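Keep in mind that the numbers below use all heavy atoms, side chains included, and drop hydrogens, waters and symmetry copies. Whatever order the structure lists ligands and atoms in, that order sets their numbers, starting from 1. Quantities reported herein were computed from a predicted structural model and do not represent experimental measurements.
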Amino acid sequence: MIRKVLIANRGEIAVRIIAACREAGLATVAVHSEADRDSLHVRLADESVCIGPPYAKESYLNITAIIAAAEITGADAIHPGYGFLAENAHFAEVVQECGLTWIGPPPNAIRLMGDKAVARKTVAARGVPVVPGSQEPLASREEAVELAQTIGFPVILKASAGGGGKGMRVANDARELRHAFDTARHEAERAFGVGDVYLEKYLTHPRHIEIQVMADQHGKVASLGERECSIQRRHQKLIEESPSPVITPELRKAMGDAAIAAAKAVGYEGAGTVEFLFQDGQFYFMEMNTRIQVEHPVTELVTGVDLVLEQLRVASGQRLSFSRNPKLSGHAMEFRINAEDPETFAPSPGTVSFLALPGGPGVRVDTHLYRGYRVPPYYDSLLAKLIVFGQNREEVLRRARRALSMFVVEGVKTTIPLHLRILEDRDFREGNLSTRFMERFLASP
Ligand code: ADP
């Protein structure tokens with residue numbers, strides 16, 4: 001049994017986890033850096049502990065300080081949220097070795113999926129389609145060129161340990177690939193401490209479509225439909241929706257089964273996401289994220305399942321609250337409201353001098369914002385998630401325009417004006433999407 005949950009995170013997701021704990025009747029402990037003393041999660045949790053200076057390395061990534069905070073407060077479980085230590089297998093192990101419940105997948109599942117080259121190989125062995133490419137990290141430039149010539153250019157080099165869009169390089173011919181190979185290795189080495197890179201065919205107009213899975217400790221693995229996340233800038237998602245405008249019930253079933261097979265291949269437990277690229281009717285495994293994701297609310301709205309509450313159930317040994325894969329009903333879309341200049345994308349920290357949050361039919365806002373809040377410059381720029389729900393995509397688009405126009409933040413710049421412009425785009429409105437969408441959108445006047 002879990003009684004008190006320490007939340008090893010900040011921002012909107014810390015607030016979201018507190019909400020789930022409240023509903024489950026669990027006490028909460030917030031941890032925070034010196035820069036986050038006045039943060040909403042600190043105010044809302046039952047207890048709070050300062051774990052260090054502003055820089056994440058010294059606070060939200062400081063394993064010793066977080067474990068000490070759990071011991072001092074008598075917390076018996078840790079929820080890592082997303083980012084920071086959420087996909088750190090070592091941290092998960094330390095949590096368990098200290099006799100605490102880890103609200104996440106088994107450390108070994110995190111480790112296997114955390115190495116992208118290993119993950120590809122593991123799921124391919126279970127019959128999950130992967131993008132054509134290397135089965136092992138590449139030993140040399142010439143091996144890379146030879147392989148690229150068999151699968152055909154363009155190709156993309158990826159860091160095995162990569163994440164967050166870092167360490168990826170596209171090459172259109174052998175000369176570019178030779179050059180990119182060394183750069184990618186150095187970049188990977190510097191960013192992740194491991195220089196291993198592998199290669200995939202580069203798809204020219206794919207959609208990013210991912211499947212939410214949820215698994216309990218009793219061998220049950222469920223799929224909860226897809227999220228289309230093709231609207232991204234520099235591999236960072238901006239808008240996500242479910243269902244995808246192009247996924248038929250047959251494809252949903254096939255992708256759901258593939259995602260379940262991938263999860264089973266590593267003995268998965270808890271909430272996870274299997275990401276696929278989708279092009280010309282075919283889907284290919286890209287990677288599995290072993291955590292709750294930013295965009296989880298769109299799935300909650302179309303399935304009626306509270307995914308964070310479900311994580312708490314699973315971690316305490318209970319069965320999933322549903323027995324069949326939930327059917328999708330209605331349509332949901334999430335808009336990420338970042339503290340960024342909507343044209344240059346430069347970060348925009350500062351004090352929120354005025355705030356009006358939208359509400360009304362079909363609108364949910366997940367946020368840690370309040371009037372007077374100082375957005376610190378140290379962390380990611382996500383301020384709020386506007387999630388809009390309706391019977392169909394048309395209704396969601398109308399409601400989104402209404403909600404975005406009634407979402408007022410002053411004192412910091414936000415991506416709200418950008419979202420309003422995207423909503424007017426013809427391809428977007430028609431559901432004509434690919435991961436290249438933003439490139440085209442930002443280049444057109
Ligand atoms: P990360 O873990 O760094 O986010 P991913 O492997 O999830 O990296 O890829 C991020 C994004 O990069 C994808 O959403 C997609 O837009 C693009 N991408 C990745 N692999 C390919 C590929 N083989 N072809 C085309 N685009 C790709």
Side-chain angles (χ1 to χ4, degrees), residues 82-84 86-88 110-124 128-135 137-138 144 147-148 150-172 176-177 180 184 187-188 190-194 196-212 226-241 244 255 259 262 272-280 282-291 293-295 336 380 382 433-442:
Y82 53 67
F84 296 125
E87 289 173 283
N88 183 319
I110 301 178
R111 196 163 275 130
L112 287 171
M113 287 301 186
D115 184 314
K116 293 187 180 194
V118 173
R120 262 172 71 83
K121 203 170 147 180
T122 309
V123 307
V128 176
V130 298
V131 188
S134 48
Q135 288 294 334
L138 297 159
L147 181 63
T150 29
I151 62 175
F153 284 98
V155 294
I156 182 168
L157 284 169
K158 293 188 181 183
S160 296
K166 268 181 249 154
M168 296 192 292
R169 275 272 181 305
V170 178
N172 291 297
E176 279 184 26
L177 180 58
E187 232 178 69
R190 228 181 318 122
F192 312 107
V194 189
D196 285 354
V197 295
Y198 67 100
L199 173 154
E200 277 176 14
K201 180 150 189 69
Y202 182 67
L203 305 179
T204 50
H205 55 280
R207 289 169 180 256
H208 173 122
I209 297 179
E210 57 188 35
I211 300 283
Q212 175 72 51
E226 78 279 8
R227 291 185 290 259
E228 160 112 36
C229 311
S230 300
I231 306 298
Q232 17 176 288
R233 180 181 162 269
R234 300 202 177 152
H235 308 304
Q236 297 290 330
K237 298 163 187 166
L238 274 168
I239 301 175
E240 303 97 346
E241 64 181 300
S244 159
M255 292 177 82
T273 298
V274 182
E275 297 189 332
F276 295 98
L277 289 175
F278 180 83
Q279 184 174 297
D280 306 327
Q282 302 289 320
F283 62 88
Y284 309 91
F285 171 89
M286 194 164 38
E287 65 168 335
M288 180 168 191
N289 292 322
T290 53
R291 57 163 196 271
Q293 279 187 291
V294 175
E295 59 271 27
R336 298 194 190 194
D380 82 18
L382 184 67
L433 312 175
S434 91
T435 58
R436 311 294 290 276
F437 176 90
M438 283 306 289
E439 218 175 298
R440 197 271 301 148
F441 178 82
L442 292 170

With R190 as the cation and F192 as the aromatic partner, state whether NZ or CZ is under 6.0 Å from the six-membered ring centre and within 45° of the axis. no
Would you mind checking which non-hydrogen protein atom is closest to [atom], with the distance to 0.1 Å?
| atom | answer |
| --- | --- |
| atom 10 (C) of ligand 1 | M168 CE, 3.9 Å |
| atom 27 (C) of ligand 1 | L277 CD1, 3.7 Å |
| atom 9 (O) of ligand 1 | M286 SD, 3.7 Å |
| atom 3 (O) of ligand 1 | G165 N, 2.4 Å |
| atom 19 (C) of ligand 1 | K158 NZ, 3.3 Å |
| atom 7 (O) of ligand 1 | E287 OE2, 2.6 Å |
| atom 16 (O) of ligand 1 | Q232 OE1, 3.0 Å |
| atom 12 (O) of ligand 1 | H235 ND1, 3.0 Å |

Proximal ligand 1 atoms for [X], defined as those under 4.0 Å from one of its heavy atoms:
| X | answer |
| --- | --- |
| I156 | 22 (C), 23 (N) |
| E275 | 7 (O) |
| T435 | 16 (O) |

Compare every heavy atom of A184 with every heavy atom of R169, then report the nearest pair and how far apart it is. CG-CB, 4.2 Å
Determine the sole option in Q293, E275, E240 for which the side-chain contact (heavy atoms from CB on, under 4.5 Å) test with C229 is passed. E240
Can you check whether A161's main-chain N or O pairs, donor with acceptor, with K116's side chain at less than 3.5 Å? no
Would you mind telling me if ligand 1 is within reach of the side chain of K116, the backbone, both or neither, using heavy atoms under 4.0 Å? side chain
Relative to ligand 1, is L203 under 4.0 angstrom through side chain, backbone, both or neither, heavy atoms considered? both
Mind checking whether Y202 has an N or O less than 3.5 Å away from an N or O of ligand 1? no
Counting only heavy atoms, tell me which of R234, Q236, E200, H208 gets closest to atom 23 (N) of ligand 1. E200
Would a 4.5 Å heavy-atom cut-off, applied to side chains only, mark V128 and F276 as touching? yes
At what distance, to the nearest 0.5 angstrom, does OG1 of T204 lie from CD of Q279? 4.5 Å
Looking only at the side chains, is there a donor atom on one of Q135 and R120 sitting less than 3.5 Å from an acceptor on the other? no
Regarding R436 and S230, do their side chains bring together a donor and an acceptor under 3.5 Å, going by distance alone? no
Step-by-step salt bridge (Lys or Arg N to Asp or Glu O under 4.0 Å) determination, E295 to R336: CA-CA 9 Å; E295 59 271 27; R336 298 194 190 194; 3.0 Å; yes
Quick check on K121: does its NZ atom have over 12 non-hydrogen neighbours (other residues, nucleotides or ligands) under 6.0 Å away? no
